[in-house]
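Position 1 is the first residue of the sequence; numbering continues from there. Side-chain atoms are counted along with the backbone in the values below, which use heavy atoms only and exclude waters and symmetry mates.
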Amino acid sequence: MIDQGTVDRVFESAQAQIVDVVSEFVSLRKRGINYIGNCPFHNEKTPSFTVSPHKGIYKCFGCGKGGNAVNFLMDVEQINYIEAIRHLGKKFNIHIEEVELSPEQQQVKDDRESMMAVSAFAQKYFTNTLHKSDEGRSVGLSYLRSRGFRDDIIEKFQLGYSPESRSALTDEALKNSFKVEFLEKTGLTIVRDTYKADRFRGRVIFPIHGISGKPTAFGGRVLKADAKTAKYLNSPESEIYHKSKILYGIYQAKQEITRKDRCFLVEGYTDVISFHQAGVFNVVASSGTALTVDQIRLIGRFTQNITIIYDGDPAGIKASLRGIDLVLEQGMNVKVLLLPEGEDPDSFSKNRNAEELEKYIAANEGDFIKFKTSLLLEDAKTDPVKRAQLLQDIVRTISVIPDNIIRSEYVKECSTLMGVEEPIIYAELSKKGKQSREEQYKAAYQQAPTPPPRQQTPASNFTSLNPYEVEEREIIRFMIKHGHFNLFEEEELGEGEENTTVGAFILAQFQEDELESANPLYKKIMELYEANYQNEDFDAPKFFAASMDKEVSQLTSDLISQEIELSKIHSRFGSKVTNEGDSVSWLVPKLVHELKLKKVKRFIEEQRAILKTAQEARDEEKLLNTMQMISKLQTIQTALSKELGGRTIL
C-alpha cells in the first residue's frame with residue numbers, strides 16, 4: 001500500500017489538474033468555468049460530461065458517472081486505486097512511498113507490473129535489434145526501407161525486429177532477471193515443457209501501444225515466403241492486452257483526432273504508418289480484427305466523425321459492413337471512402353502529401369447508406385426477392401441510428417435510391433423497432449427476474465430498499481460538504497447557548513432518535529465521519545473524496561458537485577439566500593425533521609396495519625396497545641409538522 005501522505009500529495013495534484021488528467025482520454029472544450037466533452041463511459045452525441053477544475057471533479061449528467069481524477073483514471077483504464085495513484089504520481093513527478101501490501105494484493109500488483117515491464121523490455125530489445133544488429137539491419141531495416149518508410153517514422157512507431165534464433169529474446173530477458181511465466185503470459189515466449197521459443201522470431205515487429213503510450217502487445221510480419229506460416233502474427237489476449245479494446249496508432253493519433261475532429265479508420269499497421277509519413281496523423285487501424293463497440297467508443301472519446309477507408313476488394317468490404325452498422329448504432333457520423341481498384345491506404349498514400357491526401361478524401365468520401373446500397377444493389381439487379389432482401393438490410397442499418405433527424409434523412413435517401421415510398425420504409429422501421437424491443441426484453445428477462453436497473457451512482461442502487469433515500473442522501477451531502485460550518489450565527493443564539501457544527505448536529509440527531517440508514521454506504525460514511533470529525537485537521541470533502549473505497553470517493557464527488565435547487569426552496573420559505581452554505585441554520589434542521597416526519601408517518605402506517613389485524617383477531621390487549629402507540633406517534637407527527645410549518649423541502 002501507499003502511505004497516506006503520498007496519496008494526499010498525488011490526489012491534490014490530480015485534483016488541481018483534473019482537466020489535464022481527463023483530457024488525455026477525452027476531448028474537452030471550455031464552457032464557462034467548466035469543461036465539457038463526450039462521456040467515455042456511455043454512448044452520447046450531445047456532450048453531457050462535465051469537468052470542474054474548481055471543484056476537482058467530473059460528472060456525466062447522462063449516465064450518472066461522477067468522481068475525482070483518481071476515480072476517472074480507474075474507470076477509463078480499468079485499473080485499481082493503487083495503480084491509478086502510481087500512474088498519477090509518475091505523471092506529476094511525485095515519488096511514491098509504499099507500505100507493505102497483503103500477499104494477495106502484492107501478487108496482483110507484481111504480476112501486472114511484471115507483464116508491463118517485460119513488454120517494455122521486449123519493445124526496446126526489438127528496436128535495438130533492428131538498428132544495432134547485423135541481422136536486424138540487413139533483414140528488418142532493409143525490408144522497412146524497401147517499403148519506403150523513413151527512419152523518423154520507424155522511430156516514431158518504435159518498429160523493431162525479432163531475430164531468427166529460436167529463443168533470442170527469451171534468453172536475453174532471462175539474463176535480465178525477467179521470469180519466463182511473464183514472458184509466457186504476455187505471449188512473447190511459447191513454452192512447451194522444457195521447450196522455449198520466441199513467438200515472433202524472424203519477423204518485423206510493430207509494437208501496439210495503449211492509449212497512455214506504453215507497449216502492451218506486438219504484431220509481427222514474417223519476411224520469408226512460407227505457405228505454412230501466417231503472414232501477420234499478434235500477441236494473444238492477456239491481463240494487459242485486450243485486442244477488442246485497443247486500436248493500432250491511437251496513442252500517436254489522439255491529439256490530432258481531437259484537433260481535426262475526425263478520425264480515419266484503416267485496416268493494417270502499414271496503412272497507419274504510411275498515412276503518418278504522408279503527414280496525416282489522425283488515423284488508426286483495427287489491425288485486421290472485426291470492429292468492436294469498445295473500439296468505436298475509444299474513437300468517440302476524441303471525435304464523433306469517422307471516415308472508414310477501404311481498398312478495392314468488394315468481398316472484404318461486404319464482410320466488414322456489420323462493423324459499420326455498429327458505428328452508426330453508437331451515434332457516430334460515418335463516411336466511407338472506396339479507394340481505386342488495386343490500391344490500399346498504404347500504397348495510395350505513398351505518392352501523396354497530406355494536402356493531396358486530405359483533399360482526395362474530402363472529395364470522394366460518401367455517406368454509408370448510399371455506399372452500402374450501391375454496393376449491394378448491383379448483386380440484386382432486377383431480382384425482386386433480392387431487392388426486397390436488400391431493402392430489409394438497409395432498413396436494419398437505418399433502424400440502429402439513435403438520432404431521429406439523421407434517421408429520417410437516411411429514409412429519404414433510401415427511398416430515392418431504392419425507388420420505394422417513404423411510408424413503406426417507415427413501416428418496416430416500426431417493425432424492426434418492435435422486434436428489437438422484444439429481443440431486449442427477452443434478454444433482460446433471461447438474465448434476471450426483474451428488468452435491469454438504469455445506470456446510477458452506487459448509493460442510488462439502494463433507493464428501492466431505502467424509503468428515506470432522498471432525505472438521507474441530502475443529509476449526508478450537507479454533512480460532508482458543510483459539516484464544519486457552525487449551524488447558527490452568533491446573533492441567533494440565546495444567552496448561554498453554545499453553537500454546534502452542522503456535522504455534530506446531524507450526528508446528535510441521529511443518535512438521539514436511534515436513526516440508522518438502510519443504505520450501507522450512507523451508514524459507512526456516517527460512522528467514518530463520527531470517528532474523525534473531532535480531529536483538528538479533518539477536512540470532510542477531501543477525506544471522503546480521497547478514500548481508497550471507490551464507492552465512498554465516487555459518491556462524495558457526486559454529492560459535492562450538486563446543489564439543492566435553492567430557488568424552489570427559497571420560494572417556499574421566502575428566503576433570499578443565494579449561497580447554499582448560508583442556509584444551513586434553517587435548511588439542515590428542516591432536512592433532519594423532514595426525515596423524522598417521513599419515518600413517523602411510515603411507523604403510523606405500520607401500526608394501522610397491526611391495528612387492523614388486531615381488530616380482525618378481536619385481540620383487545622393488542623388493540624389497546626396499538627392505539628396508544630398510534631396516539632403517541634401522531635403527537636410526534638404534529639410537533640414535527642409544526643417545526644416544518646406544514647411544508648417540506650424535498
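Atom-to-atom distance recorded for Leu130:CG and Ile205:CD1 is 10.0 Å, nearest 0.5 angstrom. Expressed to the nearest 0.5 Å, how far CD of Glu358 lies from CG of Asn353 amounts to 9.5 Å. Atom CD1 of Ile296 is separated from atom SG of Cys263 by 11.0 Å, given to the nearest 0.5 angstrom. Taken to the nearest 0.5 Å, the SG atom of Cys39 stands 10.0 Å off from the CZ atom of Arg297. Between Lys65 atom NZ and His42 atom NE2 the span is 12.0 Å, to the nearest 0.5 Å. In this structure, Tyr251 OH and Glu24 CD are separated by 8.5 Å, a value rounded to the nearest 0.5 Å.
The aromatic rings of Phe200 and Phe126 stand perpendicular to each other, their planes meeting at an angle above 60°, with 30° marking the opposite boundary. Using bins of under 30°, 30° to 60° and over 60° for the plane-to-plane angle, the ring pair His276/Phe281 lands in the tilted bin.
For the pair Gln277 (side chain) and Arg150 (backbone), a donor-acceptor distance under 3.5 Å is present. Judged by distance alone, the side chain of Thr127 and the main-chain N or O of Lys124 form no donor-acceptor pair under 3.5 Å. Using a distance-only test at 3.5 Å, with no hydrogens or angles considered, a donor-acceptor pair links the side chain of Asn71 to the main chain of Asn68. In this structure, Ser244 contributes its side chain and Thr292 its backbone to no donor-acceptor pair below 3.5 Å. Put simply, the side chain of Thr258 gets close to the backbone of Lys254: a donor and an acceptor are under 3.5 Å apart. At distances below 3.5 Å, not a single donor-acceptor pair connects side-chain atoms of Arg262 with backbone N or O atoms of Asn282. Side-chain atoms of Gln295 come within 3.5 Å of backbone N or O of Ile246 as a donor-acceptor pair.
Glu155 CD: 12 or fewer foreign heavy atoms inside a 6.0 Å radius. Atom CZ of Arg31 has 12 or fewer neighbouring heavy atoms from other residues, nucleotides or ligands inside a 6.0 Å radius. At most 12 non-hydrogen atoms from other residues, nucleotides or ligands lie less than 6.0 angstrom from CD of Glu355. Within 6.0 Å of NZ on Lys359 lie no more than 12 heavy atoms contributed by other residues, nucleotides or ligands. When the shell of 6.0 Å around CG of Asn351 is examined, it contains 12 or fewer heavy atoms from other residues, nucleotides or ligands. Annotation for Gln255: atom CD does not count as buried by contact number, only 12 or fewer foreign heavy atoms lying within 6.0 Å.
Checked for salt-bridge contact, Glu256 and Arg259 meet the test: a charged N lies under 4.0 Å from a carboxylate O. The pair Glu409-Lys412 counts as a salt bridge, with a side-chain nitrogen and a carboxylate oxygen less than 4.0 angstrom apart. Between Lys350 and Asp346 there is a salt bridge, since at least one side-chain N of the basic residue sits less than 4.0 Å from a carboxylate O of the acidic one.
A donor-acceptor pair shorter than 3.5 Å cannot be found between the side chains of Gln123 and Ser119. Using modelled atom types and a 3.5 Å distance limit, the side chains of Asp111 and Ser114 yield no donor-acceptor pair.
Looking at every heavy atom in both residues, Ser347 comes nearest to Asp344 through N-OD1, 2.7 Å. Heavy-atom minimum distance, Pro215 versus His209: N-CD2, 3.9 Å.
Side chains of Ile361 and Val280 form no contact here, defined as non-hydrogen atoms less than 4.5 Å apart. Looking only at side-chain heavy atoms (C-beta outward), Arg112 and Ile240 come within less than 4.5 Å of each other. At a threshold of 4.5 Å between non-hydrogen side-chain atoms, the residues Leu144 and Tyr161 do not count as touching. Looking at heavy atoms from C-beta onward, His242 lies out of side-chain contact with Asp294 at the 4.5 angstrom threshold.
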* Could you walk me through whether Ile309 and Leu339 pass side chain to side chain contact (heavy atoms under 4.5 Å, CB included), step by step? => CA-CA 7 Å; Ile309 302 177; Leu339 294 175; 3.9 Å; yes
* Asked: side chain to side chain contact (heavy atoms under 4.5 Å, CB included) between Phe121 and Phe182: does it pass, once the steps are laid out?
  -> CA-CA 12 Å; Phe121 172 83; Phe182 299 114; over 6 Å; no
* **Residue pair Lys243, Asn234: steps toward the side chain to side chain contact (heavy atoms under 4.5 Å, CB included) verdict** => CA-CA 9 Å; Lys243 63 182 178 181; Asn234 292 327; over 6 Å; no
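Two rings, from Tyr269 and Phe157, have their centers 6.0 Å or more apart. The six-membered or imidazole ring of Tyr58 lies near that of Phe49, with a centre-to-centre distance under 6.0 Å.
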